[in-house]
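For reference, the structure discussed in these notes is given below.
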Protein chains: 2
Amino acid sequence: MSSAPPPPGFELPLRLLLAFRTIIDELHERIALEGHPDLRPMHGFVFQAIGPNGTTAVELGRRLGVSKQAAGKTVETLEQLGYVERGSDPADARRKVVRLTARGVDCLVRSARIFDELRAEWSATLGEEQLRQVEDGLRRLAPGDPFRLDTPRWFGSP
Amino acid sequence: MSSAPPPPGFELPLRLLLAFRTIIDELHERIALEGHPDLRPMHGFVFQAIGPNGTTAVELGRRLGVSKQAAGKTVETLEQLGYVERGSDPADARRKVVRLTARGVDCLVRSARIFDELRAEWSATLGEEQLRQVEDGLRRLAPGDPFRLDTPRWFGSP
DNA sequence: CACGATAGACAACCTCATTGACCATATAGA
DNA sequence: TCTATATGGTCAATGAGGTTGTCTATCGTG
């Protein structure tokens, strides 16, 4: 009955971060082998924030938790890398819709597949039961929309 | 059992990051109320990297995975905030030893206590059994030293 | 004692975020 | 309809934090 002393409280957050980094690093290692070597950890968040239907720089900034100018610059970078493209919205001449290119969609699809493969490997390592315990525990510790995308900025100073 | 379909593979990493952020944000909210309102998430890593015996800017840079100049600037910032102080090493006139001040040590002690309090709250929420399942699962998914301190730099672009 | 290695400081630069300002366009109300 | 306001996008200036390159002082080794 849990007779062993509990681990120090700082271990769990460090393990959470280390596990996250391990997974993301593994993802990028594999997706680099599949033709996307230029991606950075942050870019996956941006692709998810753009979504399959496209978005605008302002809305992207809101989702990422950064200013619209910063979001615009990120879009410009990803446009040069060939992952997104900008078009005009016929229904609103102010909006410039940012959409994933075929290459961007390919990246999203591969990411989703690799994440599923990685989960299958964790399931094999831990057993499906314990993995679900972990996932359920994290859902209860950190409820809400997991797509809080303002993390890149979060570390730095005010 | 486990007859329900597994969640998509990308949920776990997002939950890991969200849980980490939730914990760190909670820590900083509480430690701000105890007299340390100026701390940033990264500073805890720096304090841990300095350690109880002090260190130098070069060694700090190695542990944090940044250049010695960047480490020096961080030390300068923390010195102005009153968390560290620089002294000379009588055994080596080149070295300028960075040590935590009483205020810095106070911060480390309070952090450890608050982390333990937070863990007790998670234990009450999940039950000690499931919390240990989570911790054990993370240890197996991400083994090794949890004190990898090069995270602050990890997010950005190269 | 001379030489290479190390610790630290200074300067220039880069990247990425910020705020402020400005223009074009859409929308709501008198 | 015409005007006021809100919204989307861009440009400019700024600041934080990182980098590399260079320089000096000091240590350790031959």
Side-chain angles (χ1 to χ4, degrees), chain A residues 38-46 49-51 53-81 83-99 148-158, chain B residues 21 38-47 49-51 53-81 83-99 148-158:
Chain A
D38 297 331
L39 291 175
R40 301 291 311 162
M42 207 196 70
H43 291 157
F45 289 91
V46 179
I50 292 173
N53 298 323
T55 183
T56 67
V58 168
E59 178 61 24
L60 187 60
R62 269 197 281 265
R63 293 187 198 169
L64 293 171
V66 299
S67 64
K68 60 182 182 178
Q69 295 90 334
K73 289 183 188 178
T74 301
V75 167
E76 200 173 342
T77 302
L78 288 174
E79 191 177 25
Q80 288 170 351
L81 287 173
Y83 287 105
V84 306
E85 60 191 358
R86 276 185 283 196
S88 53
D89 184 347
D92 187 339
R94 295 170 305 175
R95 289 163 50 93
K96 294 192 175 174
V97 186
V98 180
R99 284 198 185 80
R148 279 175 65 189
L149 294 167
D150 53 341
T151 299
R153 192 190 92 93
W154 175 72
F155 266 103
S157 296
Chain B
R21 289 194 48 180
D38 297 331
L39 291 175
R40 302 291 310 163
M42 207 196 73
H43 292 156
F45 286 89
V46 179
F47 290 168
I50 292 173
N53 298 324
T55 183
T56 67
V58 168
E59 179 60 24
L60 188 59
R62 268 197 280 266
R63 293 188 199 169
L64 293 173
V66 300
S67 65
K68 60 182 183 178
Q69 293 90 338
K73 289 183 189 179
T74 301
V75 167
E76 199 175 344
T77 302
L78 288 175
E79 192 177 24
Q80 288 171 351
L81 288 173
Y83 288 105
V84 306
E85 60 191 357
R86 275 185 283 195
S88 54
D89 184 347
D92 188 338
R94 295 170 305 176
R95 289 162 50 93
K96 294 195 176 175
V97 186
V98 180
R99 284 198 184 79
R148 281 174 65 188
L149 294 167
D150 55 341
T151 299
R153 194 185 92 92
W154 176 73
F155 268 103
S157 296

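By convention in this document, chain letters (A, B, ...) are assigned in the order of the sequence lines, proteins followed by strands, and residues within each chain are numbered from 1. Note: hydrogens, waters and symmetry copies are ignored here, and every other heavy atom, side chains too, is used.
The pair B:Arg62-B:Glu59 meets the salt-bridge criterion, since a charged nitrogen lies less than 4.0 angstrom from a carboxylate oxygen.
Positionally, the nearest nucleotide of DNA chain C for A:Ala70 lies more toward the 5' end than for the other of A:Ala70 and A:Ala91. Residues A:Lys73 and A:Asp92 both approach DNA chain D. Their nearest nucleotides, taken by heavy-atom distance, put A:Asp92 toward the 5′ side.
Residue A:Leu60 contributes atom CG, which lies 13 Å from atom P of D:dT10 at whole-angstrom precision. Separating the CG atom of A:Leu78 from the P atom of C:dT15 is a distance of 16 Å, rounded to the nearest angstrom. Straight-line distance from the CG atom of B:Asp89 to the P atom of C:dT6: 17 Å, rounded to whole Å. Atom NZ in A:Lys68 sits roughly 13 Å away from atom P in D:dC11 (whole-Å rounding).
No donor-acceptor pair under 3.5 Å is formed between the side chain of A:Thr55 and the backbone N or O of A:Gly51.
Candidate nucleotides D:dT10, D:dT26, D:dG18 were compared by shortest atom distance to the side chain of B:Val66, and D:dG18 ranks first. Of the candidate nucleotides D:dG8, C:dG8, D:dT19, D:dG8 has the atom nearest to the side chain of A:Arg94. Side chain of B:Arg95, nearest nucleotide from C:dA11, D:dC27, C:dA7: C:dA7. Comparing atom distances between the A:Ser67 side chain and each of D:dG9, D:dT19, C:dT19 picks out C:dT19 as nearest. Nearest to the side chain of B:Ala57, among C:dT19, D:dA25, C:dG8, sits C:dG8.
Checking each of B:Val75, B:Thr74, B:Val98, B:Val84 against B:Leu60 for a side-chain contact (heavy atoms from CB on, under 4.5 Å) leaves exactly one that passes, namely B:Val75.
Nucleic acid contact class of B:Gln69 (heavy atoms, under 4.0 Å, all strands): base.
Distances shown here put a side-chain N or O of A:Thr74 below 4.0 Å from the OP1 or OP2 atom of C:dA17. A close approach under 4.0 Å does not occur between any side-chain nitrogen or oxygen of B:Arg62 and OP1 or OP2 of C:dT6.
Closest of all the heavy-atom pairs between A:Ala71 and A:Ala57 is CB-O, 3.5 Å.
Remark: the A:Lys96 side chain and the D:dG9 base include no donor-acceptor N/O pair separated by less than 3.5 Å.
Considering CZ of B:Arg99 and OG1 of B:Thr56, their distance stands at 11.5 Å, rounded to 0.5 Å.
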